Amino acid sequence: MERRHGLILALDVEDGERALEVCARVKEHVDAVKVGYPLVLRSGMEVVRRLAELMPVIADFKVADVPHVCAAIARIARDAGASYLIAHGFTGYESVKACAEVLPVFVVADMSHPGAEEFITPVSERVARRCVEVAAGIVAPATRPESLRRLRRIAGDKPVISPGVGAQGAAPGSAIRAGADYEIVGRAIYSAPRPEEAARRIRSLTAAALAERGRGA
Ligand code: BMP
């Protein structure tokens, strides 16, 4: 996925036509679209194929299962046109590897919501270290910059994608400043009265943060 702005749209709307409309309106401001259960469980996998005609699709199925089921889910995502898959890392190396043999996988190491503190944050570094070898990249929370920085180091030169920007409280640009390569933004874009304006504004902040980093700031 070519990085132009450092911004990924999380398209958690449920209606397929609305999803396509939002995606078409924000297309020039985002590098990829992340699609998850709200959209595909309501509207079916065909929408993935149509979105993939507009831009790279990351299938966020947070795969967390035994390896042969992981592989089956990855094949379904791949056959629908997704370019990447998101899988949980806590299920272990073999499960992530089963996904990665089918599609490049971003591995969830830590999460952005307050409840992540209960179980996943304490093991996030172990999860990332164990899975990084087979991962295409790591998912790390914009709402926990310290965790994000640690996971960035573990990811090495692999991309870190970071949710939690906008509606969950992290400021646009902040995750990139903490070491992420892309910020993932959902409601702050698709719930805005004019999604293309919101995307343009957020993209100017992510792109500025990338440019600062490029200058060694
Ligand atoms: P929003 O910007 O509307 O808060 O959406 C965030 C998106 O990132 C959602 O699609 C959610 O599933 C995803 N996400 C997250 O919020 N935190 C994580 O730790 C991992 C995620 O994939």
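These numbers come from a predicted model, not from an experiment. Order of listing sets the numbers, starting from 1, for every ligand and every atom in it. Index from 1, following the sequence.
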ring-ring contact (aromatic ring centres under 6.0 Å, His included) involving His88 - partner list, sequence neighbours excluded: Phe90

I'd like to check whether [X] has a polar contact with ligand 1, where a contact means an N/O of the residue lying under 3.5 Å from an N/O of the ligand.
X      : value
Ala10  : no
Asp12  : yes
Tyr190 : no

Under a 4.0 angstrom heavy-atom cut-off, which atoms of ligand 1 come close to [X]?
X      : answer
Val165 : 2 (O)
Asp60  : 12 (O), 22 (O)
Ser112 : 15 (C), 16 (O), 17 (N), 18 (C), 19 (O)

Residue pair Lys97 / Glu101, side-chain heavy-atom distance below 4.5 Å: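 A side-chain contact under 4.5 Å exists here.
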
Tyr84 and Phe106 aromatic ring geometry - parallel, tilted or perpendicular at 30°/60° bounds: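 The rings of Phe106 and Tyr84 sit tilted, inter-plane angle from 30° to 60°.
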
Over 12 foreign heavy atoms within 6.0 Å of CZ, Arg78: yes

Side chain to side chain donor-acceptor pair (under 3.5 Å) against Glu197, all qualifying residues, sequence neighbours excluded: none

Which residue and heavy atom of the protein sit nearest atom 2 (O) of ligand 1, plus the separation: Gly186 N, 2.8 Å

Nearest non-hydrogen protein atom, atom 20 (C) of ligand 1: Pro163 CG, 3.5 Å

Main-chain N/O of Pro67 paired to Glu94 side chain as donor or acceptor, under 3.5 Å: no

Backbone of Ala140 reached by a side-chain donor or acceptor of Ser162 within 3.5 Å: yes

Per-residue contact class, Lys62 against ligand 1 - non-hydrogen pairs under 4.0 Å: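 Near ligand 1, Lys62 shows its side chain, while the N, CA, C and O stay back.
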
Per atom 6 (C) of ligand 1, closest listed option by heavy atom (Gln168, Lys34, His113, Arg187): Gln168

